[in-house]
Every structure is written in structure tokens, then in C-alpha cells.
Amino acid sequence: MFTEIAYKNADACRFCWMCRHLCPISNKTGNEVNSARAKGLLVSMVKRGFDFDPSMAKVMWECCLCGACTNNCATGYEPRSYIREARSEAIVKGIAPMNVMAVVDKMLDTSNMYGAANLQEKLDLSGVPTCGKILLYIGEVASYEVPELAAAAMRILRKAGVDFAVLKNEPTSGAYMGDMIGFVDEVRQQALTTSKAIDASGAEIVIALDPMDARIMKHEYAEWNCAPKATVLTATNYFASLVASGTLKLTKLKGIVSIHDAGALSRDLDETAPIRAIVSALGLDNHEMYRHNDLSMSCGGALLKQYDPALAALTCEGRWYDVERIDSNCIVTEAPGSYAVLSSKVPEGYEVTDYLLLLDKASN
Amino acid sequence: MEFKGFMINMVQSELEDAVGVENVSCTHAEQITYGVDYFWLSRMWADKGNTPPAPEFVVRPGSTEEVAKVMKIANYYKIPVQPWGGGSGSQGGALPMAGGILLDNKRMNKMLDLNTNAGTVTCETGIIFQTLEDYCQEKGYSMMHLPSCLTCCTVGGALAHNGIGILSTKYGKIDDMVLWMEVVLPTGEIIETLPVPKHSSGPNLIPLFLGSEGTLGIITKVKFRLIHEPEIRRHHAFLFPDIHTGYEACHKIVQAVKPSIIRLFDEAETVSIIKKVIGFEKQGSFMNLTLEGYKGIVAAEEEIALKLAQEYGAQYLGTEYGEKWYENRITFFYPGHIMNNPQMFGTLDTVATHENIEKIYWAMKAEVSKFPNVRFISHSSHWYDWGCMNYSRFILDNPPEDPEEALRLHNQIWNAGVRAALANGGVLNDHHGVGLKLSRLMKEQYGPAMKVLEIMKKGLDPNGIMNPYKMGL
């Protein structure tokens, strides 16, 4: 069943309500079961002899694992630990919801959430080497759902004179699979495959375009003793350094924007400065939403959009409301998942763009 | 109530017609979740692996009109309705003890108007209070209602039990902040209070519904006053030789100046919780005080407050510990800091005049301490020029294993503590409410005056469907 770590965290959370205000899901659905404390209570009741049933299983996927609850906890408890384990347990027990299993099956077949046989089919990789010291790791969302971001990233690197490589048939990192089915063996095997592919490319630096990939490579890969030899950098960090060093020359843009911090970057990787440095260098005026940096409210994320598009749309609506209350009408994203979700439901009079699109537009 | 055959399905389809199919449910996960609130007994019950009290229907209306429809359906079938906000109440007020409908209003979470010219904010009551506070702060304002449950309670929950925040000594209780309310009566009519809270235009309806804990209706919208963020907020701390001198000094201070925070801890809480959370190690009676507003006024008030404290033998501790307390004001309530199961605990908060509050402290301590191995800690944190609140807590580290025995002992301690307050000029509760926990003691507290409440209840809720077993009604 659940590990002692999961039970310890669940027992701490079951009677604690303190992070409720930061949950992007429960604040939109209004359903008590969507709070972190409810999930903790349900897992704790399983420990106390209650059957882990389909209704409990369903609740566990009504969460985008954005980490706002974890980040808020004054005592460091981690709701994501038991939510991930509950997902694993529900799949093993055969009680995961059908909409979830549809995506799980795709992942188990193809290792990506889209079920794409060739994730790179939308990318123009002609002339891009597969080996080199600097490896651009594109990830499944930017490869398949928002390939315009991958294309922009490659153009920017070329403009900056950076020789880079991209893995042929780039294996997924396991980041989204780990969120979907928990950190089980299949995910660790995926991590190992990816790490070996990175090593085989001869990379010394990996630029992870998706912070979800950067997070798992920096955290879980190390924990599972399969970290690649190369240094993994977030793309925001890498591109900010190109801008700061003058390697990437920019013409100034004008306008007011609001940065949407991705939880994987702002909370899990403690990185909020590079995106702000880039936006500032672009000449844009960043008007912060009230919840920004590590308090940022998630917009749902690419994975939730795949298995529960209605819930993702509702969550996304909550984030748009944060920008609607201030004098900005443009959100700038820093993660492909955020861009994929926010661009799928833009309120009238508003726009969303990504820092990669802005850098591409402003660079010579 | 018991439904026969497919009657339950008939009622469910009617509720679905009122609020939408997706907003009526009652899964096993929901039954467990809504059966455990912040009340120690509901937590203990679940902790022992017992089945929590469960509703037949969880209904999530999205508007006042939908609430009204639900109430009309509930009245026709005489189905109990238990309103649920954040579930963060400590008195069991939201628990579905009578089954029936659990009405969760958190979909009604819109801020309707934030008028900085008028200095008001209007919202639906299902909004999380912290979210409303965030929206106000975006514009440089605050509700100045900052309870420890700010991040998890709804506005409706705070209104239903007439809550209070840490800045109350300057800005008041929530009943000082409400300007207007919309209420759905138990029979489904939608009413509004008059446009202003103070008038001589007949009895004021606001206090009738504030603190009625869902027994007289459901508050669906509210208009609050707004306050500018202060120019300066300065924290101080003191150490009194004992709680007695602390009470005397604080009494003088609140009659002379208007602190936003004044919290006086007894010797036992000073060496336990204060030590643990802010690292203050000395013995005595710790007090932290905050003054805020315009710089010049704050400076004058500081001078007076410091002088008065020192006249009562206080050691001035500077600003560090006051700031630490403020920074950690919510840390106290996180797991690992707050009391937790399997410990048994309860907060016997009461309020009384300055003449009586210390008598209550000693009487309550004496009564509670008669129970073997029960610890007693206390602080006073909401002050008026006429009196103050006493927030006393009992803690038992090893309560009986058997849940029924534990329940019995829990209620015995509560009875003893509350009766000590009532016998010395106090009341059942200051700001957590009555709920299920203290329902049995309402008649004892009110005496013949309870008749007034019972008549109001009968008139407004003729079928007795609103939050049964709560508040003695």
C-alpha cells in the first residue's frame, strides 16, 4: 500500500487547512475534496482500514501537483508525496478513472502523454546535430503541443552563435509520467534511458526547455543515481545568461506584461530572477500579479489538460482572473506547459506569449 | 431521514435541476471529507478509524437564487440542511450530524465590487477570506480581519460564527466590519438588511444573522468596510512578573491607547508555546503589543504604552520578539506546532469585563486542573476598553483509547471549564462559536432568554431543517 513517508505526510495534512487558499483547483471547483487536507484525510483513512475506492482515486487526479501547498507548509510536509503514491496505487488496483487511464495507456505505450509515435514530427531538425557539448532538451510539450516554442528556442540559439545539438527521437524525461503514475519503476527506467541518451550525446550542458524536465533531472535523477554527466540548466537561466553577457543582442520591445511563474521553476527550483531579467532586458514593463514568484497560482499545466481538459480550463480561468484585476493584458509564460494551457483559453482583449517568442522577435 | 425505494433519487434529481447535475453528489470520498472538520471530536472519531457523520447529498450552489431553490426543496421534503464553508471551525458547527443536505457554498466565491472611493468591498460568502484579503491588498487596502484561519475559512463561515482577527483591538470584531448582508431564509426567501449597519429605523437585522451559525438562514453576500494599510506597524514585547500584573497593565493600556494587537500569555504558555515558536526563553508572563497607523500617532501611543507597562513592573523586550510573533502568527497552527491527535485539547475562549476576566482565568484553571494530567495554558488577545477575551486551552497528552470514553471526558472537561466562565461573568464563547460542541450549554447560559431565540428560530425555520443540533436550536 502506501509508504511510511506518504502516511506520515498524510497524517500531518489530514487535520490542517492552512494551504487551502493557494490551491488553484479547489479554489475554482469549490469542492472540499479538492483540498490538500482532504486528500491527506482520505489516505490516512486508508491507513485506518478504509477501502481505497474509485471515488478516492478520482480525487487524487483532481490536482495539478503544482506544489503551492508544499511550498506554503511551515513545517515542510509534502502533499505531493501521498498524491503520487495514491495515483500509483489506484492504477495497480485498477480503480483509476477512465479519462486518466486513457492517458496512462498512451504513456505506457509511447512514454509521452500524447501517444505520439514520433514526438519530433512537428519539429524541423534538419541540420541540427545529435551530438555536441550543448544539448537542447526540448521535452514532450514543446516538441508536440507547442512546437513554435522549440522552433523559437533553436532560432535564438543560432542568432546567439551557440552550437547546439538535439537528441534524435529524444526520449521523454519521465517528468510527466512521474506525475501521472507516481515515481514507479517505469518512470525510473525512463529516467535511466534519457540520462544515458544525454551522456551518449557528449553533452556538457543540457538546456532543459521545460522546467518540468529540469526539475526531475536535477532532483529525482540524482536521488535515483542516474543523473547525466552534463550540467542541467533551465532554459530561462541559460537564455538570461546569453542576454546578460551580450551574446544575444536585443532590440527593445514596449508594453506592459505580467509574468506567470511556473511552479516547477519558482517553487521546486527556486528560480524566479532569470525570467524577470529577460523581460526587463526586452524593455517590457512587468506588472506583477498579486500571486507571483513562489506564490504563483498554477494555470493547470499540460498534463491536466490532457486527461481532464474541463478542469484544466477552469483552473486556467482562475489564473486569467489574476491578470484581469491589474492593469496588464498580456501574460508572459516561462514554461511550455503554461503556454499550452493559457493560450488555449484567452479572454477577449487579452493575450499570452512566451519569453522564447519574445526573445526570438527581439533578437537580431 | 430515511428515504424509501427510489425517493432518494427523486430528491437528487430535483436538487440537480436546481444547481446543475455536476453540483450534486455524495461519493464515499466526499462523505469522509465533509464528516471531519476542525472540531477535536470529529478528528478523534476519524483518527480511531470510525466512520464520520455523512450527508445524503453534497450540494454546491453557484448563486443566491440556487441557494433559495435548494432551501425550498429541503423545506418541502423536510430535509436537514447543514451549511459548510471552509470546514475550519473548531466547534463542529458544519458537521452533517443530521444527514440530509450538506450545502457547500465555495462556488459562490466572487468579489462583486471593490470600491476604493467608498471604502467598501462586496463579495459572495463562499470566497476564502485570504483570497478576499489578497484582492483588497492589491489595491493597498485591507479588511483588517486576520484570524488564524484566514487562509482556510470562508467569509460566510467567519460571519456565521461572528469571528475575530488578530488586529481586533484596534479594528474590531467582524460585526464591526459588516455594512450590509444578503440572506436566504430557511424557507427560501431572499432578504437584505438595510443599506447601513447603524440606524434608528427599527431593529437591526445584521446581528440577528451574524453568529447564528446557519441555524436561521444562509448569508450569501456581504458588504464590508475597507481600511487603508497603515503607514507604520510597530511591534513590541514585554515580560511581566506574572499574569496578574499583566492583566492590570493591559487594562490600563487599552483604556489609554488603541493597539491593534495586545496578547498577554500566562506563565505556562510563555514557557511552552511562546518558547517553541519564537524562541523566547524566560519565565513570566509574555506580552506582545502592536501599534499602527500614522507615524506621529503611533509614536505618541508607544510612549504611553511603554510607560504604563513599566509602571506595572514589565521588562521591555524591545521590538524583536513582537516582530517574531507577528511573522509567526500563523506558524502556531501548522502541524508540529499546534496540538494534534492523539492529544486531547480544546480552546475555552470566553469574554468578560476587566472586573471579571482574571477571576475567570483562575476559576477555569482550577476546574480544568481537577482532571488528572490535564494541562492548562492561557492568553488574552482581544481587548476592549471594557474587558477582554480569555483564550484558555486544556491539553491532555494521553486521552482514553476508547473513542466513547474520550468523548465523555472531553465533554466533561468542557462542561467544567465553561461553567467556571458562566459562574464568574463570562459567556460560552468569544469567537469560535457554539456549534455542536457547546450546543447543550446554550439553555444554561441564556436561561429564560433562550425563549427569545427559540421563538425566532420557530418563526424563521418552521420545519427546523437548518443545521439541527447546533447552537441549542
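Chain identifiers are assigned alphabetically (A, B, ...) following the order of the sequence lines, protein sequences preceding nucleic acid strands; residue numbering begins at 1 within each chain. Bear in mind the structure is a predicted one, so any value in this text is a computation, not a measurement.
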| side chain to side chain contact (heavy atoms under 4.5 Å, CB included) evaluation trace for A:M56 with B:I32 | CA-CA 10 Å; A:M56 295 188 195; B:I32 294 170; 3.6 Å; yes

| query | Should the heavy atoms of other residues, nucleotides or ligands under 6.0 Å from NZ of B:K48 be counted, would the total exceed 12? | reply | yes

| Hey, is the main chain of B:G86 close enough, under 3.5 Å, to the side chain of A:W17 for a donor-acceptor pair? | yes

| remark: So CD of B:E30 and CG of A:L42: to nearest 0.5 Å the spacing works out to 10.0 Å

| Is it the side chain or the backbone of A:V33 that comes within 4.5 Å of chain B heavy atoms, both, or neither? | both

| note | To the nearest 0.5 Å, atom OH of B:Y334 lies from atom SG of A:C13 at 11.0 Å

| remark: Residue from B:D134, B:T27, B:V36, B:T331 scoring the most non-hydrogen pairs under 4.5 Å with chain A is B:D134

| Are A:F15 and B:I338 close enough, and set up right, to give a side chain to side chain contact (heavy atoms under 4.5 Å, CB included), and what steps lead you there? | CA-CA 11 Å; A:F15 300 144; B:I338 188 74; over 6 Å; no

| query | Relative to chain B, which of A:D11, A:I326, A:L41 shows the most heavy atom pairs under 4.5 Å? | reply | A:L41

| B:T33 side-chain N/O to A:A38 backbone N/O, donor-acceptor pair under 3.5 Å | no

| Take atom NZ in A:K47; do more than 12 heavy atoms of anything else shown fall under 6.0 Å from it? | yes

| When only pairs under 4.5 Å are counted, which of B:P52, B:G87, B:G62, B:S42 shares the most heavy-atom pairs with chain A? | B:G87

| field | For chain B, the option from A:R37, A:M289, A:E32 that forms the most heavy-atom pairs under 4.5 Å | value | A:E32

| request: Would you mind checking which part of B:I330 comes under 4.5 Å of any heavy atom in chain A, side chain (CB onward), backbone (N, CA, C, O), both or neither? | output: both

| remark: chain A shares the most heavy-atom pairs under 4.5 Å, among B:L150, B:T51, B:D104, with B:D104

| Are A:Y321 and B:Y135 near enough that their ring centres are under 6.0 Å apart? | yes

| message | At a heavy-atom distance under 4.5 Å, which candidate from B:K106, B:K139, B:R43, B:M111 has the highest pair count against chain A? | response | B:R43

| Polar side-chain atom of B:N109 near backbone of A:K28 as donor-acceptor pair, under 3.5 Å | no

| query | Would you say B:E404 has more than 12 foreign heavy atoms packed within less than 6.0 Å of its CD? | reply | no

| task | Would you indicate whether B:K221, at its atom NZ, is surrounded by more than 12 heavy atoms from other residues, nucleotides or ligands within a distance under 6.0 Å? | result | yes

| For B:G49, does its backbone N or O pair with a side-chain atom of A:R48 as donor and acceptor, under 3.5 Å? | no

| task | Say whether, by atom type as modelled, one donor and one acceptor occur between the side chain of A:R14 and the main chain of B:A46 under 3.5 angstrom. | result | no

| field | Contact winner vs chain A - B:D37, B:N340, B:N105, heavy-atom pairs under 4.5 Å | value | B:D37

| request: Just do the side chain to side chain contact (heavy atoms under 4.5 Å, CB included) check on B:Q130 and A:L22 with the steps written out, would you? | output: CA-CA 9 Å; B:Q130 177 74 65; A:L22 295 167; over 6 Å; no

| query | Side chain, backbone, both or neither: which part of A:T29 has an atom under 4.5 Å from a heavy atom of chain B? | reply | backbone

| With side chains defined as the heavy atoms from C-beta onward, is the minimum distance between B:Y34 and A:N31 less than 4.5 Å? | yes

| query | Where on B:M108 is there a heavy atom nearer than 4.5 Å to chain A: the side chain, the backbone, both, or neither? | reply | neither

| task | Could you tell me whether a side-chain N or O of B:T151 sits under 3.5 Å from a main-chain N or O of A:M18, the two making a donor and an acceptor? | result | yes

| Heavy-atom contact with chain A under 4.5 Å, split by part of B:N50 | backbone

| More than 12 foreign heavy atoms under 6.0 Å from CD1 of A:I5: is that the case here? | no

| field | Atom CG of B:D397 with >12 non-hydrogen neighbours under 6.0 angstrom | value | yes

| Which atom pair, heavy atoms only, marks the closest approach of A:C16 to B:P335? | SG-CD, 3.6 Å

| message | Between B:H28 and A:F50, is the side chain to side chain contact (heavy atoms under 4.5 Å, CB included) condition met? List the steps. | response | CA-CA 10 Å; B:H28 188 220; A:F50 279 51; 4.1 Å; yes

| request: Answer yes or no: are there more than 12 heavy-atom neighbours, outside A:H219 itself, under 6.0 Å from its atom NE2? | output: yes

| Per-residue contact mode, A:Y290 against chain B (heavy atom under 4.5 angstrom) | both

| Side chains of A:R291 and B:T131 in contact at under 4.5 Å (non-hydrogen atoms) | yes

